[in-house]
Peer 1: 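Quick one: structure below, then a few questions.
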There are 2 protein chains.
Amino acid sequence: MAEDIKTRLIEVAGEAFAVKGFDAVGIREICHKAGANVAAVNYHFGDKRGLYRACLEHAQSCRVEGLDRPAWPESYTPADKLRAFIQRMLEEKLNTERPAWHQELMLRELSRPSESCREFVESYIRPMAHALGEIMQEIYPHREWTQQTWMIGFSIVGQVLFYQLQQPVIRILMGEEGFKSLTVDGLTDHITRFSLAALGNGDPISVDLQREIETN
Amino acid sequence: MAEDIKTRLIEVAGEAFAVKGFDAVGIREICHKAGANVAAVNYHFGDKRGLYRACLEHAQSCRVEGLDRPAWPESYTPADKLRAFIQRMLEEKLNTERPAWHQELMLRELSRPSESCREFVESYIRPMAHALGEIMQEIYPHREWTQQTWMIGFSIVGQVLFYQLQQPVIRILMGEEGFKSLTVDGLTDHITRFSLAALGNGDPISVDLQREIETN
DNA sequence: AACCGTTTCAAACGAGTGCTTAAGTCTATC
DNA sequence: GATAGACTTAAGCACTCGTTTGAAACGGTT
């Protein structure tokens, strides 16, 4: 555990907020776990909401770099770029090394729009959307950014986010061992192939490809 | 408003729970809006959790029929069935006639697994998955239900759910008027085409198809 | 009318909430 | 060693929480 109380509070509170929600957690519970006094929250963060904001900022500052301004090797084809984009996104969403509450907390904030939601979308989501748009432009040249451009992007991102948002459901549907057999590489492979085929770039999903996925 | 207090409480509480979450709503606030006494909750539902459970059951009982055991016209091709499946799902998720809190409440329950989550998945989600699996079997015959079967299904459902789960984000990204230009028919068209193309059934998404979507 | 179970009511209970306060401890500077 | 500022502490503030209580009101049956 960190040495200074301030970061310890953020770590403990962040996880609690992510799991139980803002209102379901008391500062006494947080401070007890963090080994701090109840007044520490108000001293360091002003009030409970201030602590919550600090947790959110901390979670955002720890996100994976380079999703918005990716630096591709020159040898990459458009398809390679799309694969890399999907892989990075999956890694960010499903990465088990980083504390899970980072993603969960940001998720809560995005699903329940608040004052900081718009700012977060503009600084974090839109650059990603722009990067994906440029990849799509290469795969599938078109003059202007239309409604269809959005929908294609949403179709790709929606596939990725499903595995983050619906994890509990997947776990129950597939069973625990079935869920564990899903790897980032396997999912990247599937989603990339599925999307490229939909865009007419690459072969459609077929039974013949099944071997490669199952060997993961 | 309904005449008897019990249903009035469910309606008021259900909306409040969906918007603000279980812990953020007080029974005094609920009862005031419902024109009931604070003791009514404990009398009719035992305790606050009992009221929450009643809201959830009510929301589930009002869901769209036939998503699990669809009755298709005999003339339907497999592609038609897939389109109908996607359309029904989009309608259920984005239907603005039915109170919005029904979907929102079920969503909260699924993203934050509790004791009733498993039961809900088995009775509600798995039949849907089975129905989709049978459609996929027709489009794309394969011997057994494999990991790939799941992933293809998730790719389709993930596209649909995106528009429910990420509505606030979409609204900000596309702007208000851009968001309003998304119709159930347009989305159905896009997702069906995208998915069929990915499965090698139907033409890939192309610029030429753009006209049809924009005219919605 | 008397009695019944059912339902509604105002009032209050104890526990817990976020937050403040004033006194205390520590560390570094002069 | 005194002083100042940063930080921690225990106690307590006013308040809201979910829940309980006992009485009153209701509608139907005997």
Side-chain angles (χ1 to χ4, degrees), chain A residues 1-59 61 101 104-105 108-109 112 114-117, chain B residues 1-59 101 104-105 108-109 112-117:
Chain A
M1 197 143 36
E3 62 289 347
D4 63 320
I5 290 197
K6 207 169 169 183
T7 56
R8 239 165 41 209
L9 276 173
I10 290 180
E11 287 173 358
V12 170
E15 176 160 13
F17 285 148
V19 173
K20 306 165 75 173
F22 181 78
D23 294 285
V25 191
I27 58 171
R28 280 170 177 78
E29 172 188 350
I30 294 171
C31 292
H32 178 69
K33 284 185 186 172
N37 191 273
V38 282
V41 168
N42 299 81
Y43 178 77
H44 287 288
F45 305 98
D47 58 0
K48 191 185 174 187
R49 278 233 98 88
L51 173 58
Y52 179 78
R53 272 192 296 270
C55 293
L56 236 152
E57 287 170 14
H58 176 70
S61 69
W101 65 265
E104 284 200 57
L105 202 63
R108 271 186 189 272
E109 198 58 25
R112 201 62 42 185
S114 74
E115 74 282 352
S116 54
C117 179
Chain B
M1 196 146 34
E3 62 288 349
D4 62 322
I5 290 196
K6 209 168 166 183
T7 56
R8 242 170 33 216
L9 277 173
I10 289 181
E11 286 171 359
V12 170
E15 177 160 13
F17 285 148
V19 173
K20 306 166 76 173
F22 180 78
D23 295 284
V25 192
I27 59 170
R28 281 170 177 80
E29 172 189 350
I30 294 172
C31 291
H32 179 71
K33 284 186 187 170
N37 189 273
V38 280
V41 168
N42 297 76
Y43 177 77
H44 287 288
F45 305 97
D47 58 0
K48 192 186 176 187
R49 278 235 98 88
L51 172 58
Y52 179 80
R53 272 192 296 271
C55 293
L56 238 155
E57 286 170 14
H58 177 70
W101 66 265
E104 284 199 57
L105 202 63
R108 271 187 189 271
E109 196 57 26
R112 202 62 44 185
S114 74
E115 72 284 349
S116 54
C117 179

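As a basis for the values below, the full set of heavy atoms in this structure was taken, side chains included, without hydrogen atoms, waters or symmetry mates. In what follows, chains are A, B, ... by sequence order, proteins preceding strands, each numbered from 1.
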Peer 1: Could you check how far OH of A:Y43 sits from P of C:dT25, rounded to whole Å?
Peer 2: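 Computing the A:Y43:OH to C:dT25:P distance gives 17 Å.
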Peer 1: Hey, does the Lys NZ or Arg CZ of A:R49 hover above the aromatic six-ring of A:F22, less than 6.0 Å from the centre and inside 45° of the axis?
Peer 2: yes
Peer 1: For B:I27 and C:dC13, give me the distance from atom CD1 to atom C1', rounded to whole Å.
Peer 2: 13 Å
Peer 1: When we call it a touch if two heavy atoms are under 4.0 Å apart, what does B:A40 touch: a base, just sugar-phosphate, or nothing?
Peer 2: nothing
Peer 1: For DNA chain D, note the earliest and the latest nucleotide, 5' to 3', having some atom under 4.0 Å of a heavy atom belonging to chain B.
Peer 2: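 Contact boundaries, 5' end first: D:dC17 to D:dT21.
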Peer 1: Roughly, in whole Å, what's the span from NZ in B:K6 to C1' in C:dT8?
Peer 2: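 Distance, rounded to whole Å: 15 Å.
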Peer 1: Could you tell me how far apart B:H44 (NE2) and C:dC9 (P) are, to the nearest whole angstrom?
Peer 2: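 Rounded to whole Å, this separation is 9 Å.
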Peer 1: Between atom NZ in A:K48 and atom P in C:dT17, what is the gap in whole Å?
Peer 2: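 Those two atoms, NZ and P, are 9 Å apart.
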Peer 1: Using 30° and 60° as the class boundaries, would you call the ring planes of A:W101 and A:H58 parallel, tilted or perpendicular?
Peer 2: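 Parallel: the ring planes of A:W101 and A:H58 meet at under 30°.
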Peer 1: Using atom CZ of B:R28 as one end and atom C1' of C:dA12 as the other, report the distance to the nearest whole Å.
Peer 2: 10 Å
Peer 1: In Å, rounded to the nearest 0.5 Å, how long is the span from CG of B:D4 to NE2 of B:H44?
Peer 2: 8.0 Å
Peer 1: Do A:R8 and A:I5 have side chains that get closer than 4.5 Å, going by heavy atoms?
Peer 2: yes
Peer 1: Without hydrogens or angle criteria, can the side chains of B:Y52 and B:E109 be said to hold a donor-acceptor pair below 3.5 Å?
Peer 2: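 Their side chains do contain a donor-acceptor pair, which is all the 3.5 Å distance test asks for.
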Peer 1: When you measure from the side-chain N and O atoms of B:N37 to the phosphate of C:dA10, is any distance below 4.0 Å, counting only OP1 and OP2?
Peer 2: yes
Peer 1: Between B:F17 and B:E104, is there a side-chain heavy-atom distance shorter than 4.5 Å?
Peer 2: no
Peer 1: Counting any heavy atom closer than 4.0 Å, what does B:V38 reach on the DNA or RNA strands: base, sugar-phosphate only, or nothing?
Peer 2: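 The residue B:V38 makes base contact.
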Peer 1: Could you state the CG-P distance from A:N42 to C:dA22, rounded to the nearest angstrom?
Peer 2: 15 Å
Peer 1: Take the protein atom CG of A:L9 and the nucleotide atom P of C:dC19, then report the distance between them rounded to whole Å.
Peer 2: 14 Å
